[in-house]
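Below, each value reflects all heavy atoms present in this structure, side chains not excepted, and no hydrogens, waters or symmetry copies. Every value quoted in this text rests on a predicted model; they were computed, and no experiment measured them.
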Amino acid sequence: MNKSNKILLLFAHPSQRKSSVNVPIFKKAKELDFVTAVDLYAEYPRFNIDISKEQQRVKEHQVIIFQFPFYWYSTPSILKEWQDLVLEWGWAYGATGNALREKTFMCAITTGAKEDAYNHDGLNHYTIRELLQPLRQTARLTQMHYLPPFMLFSSLKAKDEQRLTPHLQQWQNLLLKLHQGAFDVNRFNGVNIINPLIDAMATPNSEGKS
């Protein structure tokens with residue numbers, strides 16, 4: 001990854017008034033001047049996505065992040081709509097579709113279930129890595145580098161259990177490192193989530209803070 005990467009954060013939450021963690025995560029990202037933080041439901045309440053505008057946003061950023069609660073093992077509907085309309089053949093993929101080539105893609109996700117629910121013996125029977133295969137394949141098809149997701153499990157209890165504040169601190173640290181190109185994307189093969197590896201990456205300096 002290059003130094004001084006600009007980050008495009010696409011936030012999708014259909015019920016923000018009930019959100020105790022996703023809204024703070026989104027607001028924390030908005031504090032950083034190298035992050036373009038977009039609330040898709042606020043910007044497109046009728047799902048009339050401006051394809052040209054969104055494609056221009058993608059062109060201007062080196063890192064693309066989807067932020068969303070993990071509803072029914074997938075993204076909220078507007079984020080799927082964004083993918084369906086914006087990632088056009090001939091632009092995002094296909095013989096002449098190179099607009100996302102060499103960019104970096106990842107997800108910032110919250111779940112209601114605990115981490116141990118996402119394994120072959122758990123409640124959901126599949127790992128997060130397995131359940132996110134469609135997004136991983138999207139990154140592959142569009143020639144982006146894929147990073148494992150940044151996860152907050154059991155998110156409904158995170159605030160009461162005093163896990164939200166350290167999560168926000170780690171989130172800001174992750175964004176700073178993505179901005180400064182501290183990640184070797186090739187070292188994450190086979191990794192389920194990125195959280196445990198963030199602090200092991202090179203520590204960025206204070207440049208780029210808002």
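The aromatic ring centres of His167 and Phe150 sit less than 6.0 Å apart. Taking the six-membered ring wherever Trp is involved, the centroid distance between the rings of Tyr41 and Phe11 does not fall below 6.0 Å.
A chain of hydrophobic side-chain contacts below 4.5 Å, direct or via other Ile, Leu, Val, Met, Phe, Trp or Tyr residues, connects Leu132 to Phe153.
Looking at Gln62 and Glu102, their side chains never bring a donor and an acceptor atom within 3.5 Å of each other. For the residue pair Glu60/Gln56, the side-chain donor-acceptor check at 3.5 Å is satisfied. A donor atom on one side chain and an acceptor atom on the other are not found under 3.5 Å apart for Tyr126 and Asn119. Inspection of the Ser4 and His179 side chains reveals no N or O donor paired with an N or O acceptor under 3.5 Å. Side chains of Asn22 and Gln16: no donor on one and acceptor on the other come within 3.5 Å.
Using a 4.5 Å heavy-atom threshold, the side chains of Trp82 and Leu40 count as touching. When side chains are defined from C-beta on, Leu175 counts as touching Ile7, because their heavy atoms get closer than 4.5 Å. Using a 4.5 Å cut-off on side-chain heavy atoms (C-beta onward), Leu10 and Ile65 make no contact. Under the 4.5 Å side-chain criterion, counting only non-hydrogen atoms from C-beta, Leu8 is in contact with Val58. Two residues are said to be in side-chain contact when any heavy atoms from C-beta on lie closer than 4.5 Å; Leu135 and Cys107 meet this criterion.
The 12-atom threshold is exceeded at CD of Glu161, counting heavy atoms of other residues, nucleotides or ligands nearer than 6.0 Å.
Closest approach of Pro148 and Met106 over heavy atoms only: O-CE, 3.3 Å.
Between Glu130 and Arg136 no salt bridge is recorded (no basic side-chain N to carboxylate O distance below 4.0 Å). Look at Arg57 and Glu43 and you find a salt bridge, because one of the NZ, NE, NH1 or NH2 atoms lies within 4.0 Å of a carboxylate O, short of that distance.
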Give the C-alpha distance, both sets of side-chain angles, the deciding distance and a yes or no for side chain to side chain contact (heavy atoms under 4.5 Å, CB included) between Phe34 and Leu176. CA-CA 9 Å; Phe34 52 81; Leu176 284 166; 3.7 Å; yes

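Ring-plane geometry between Phe70 and Tyr118 is classed as tilted, the angle between the planes lying from 30 to 60 degrees on a 0 to 90 degree scale.
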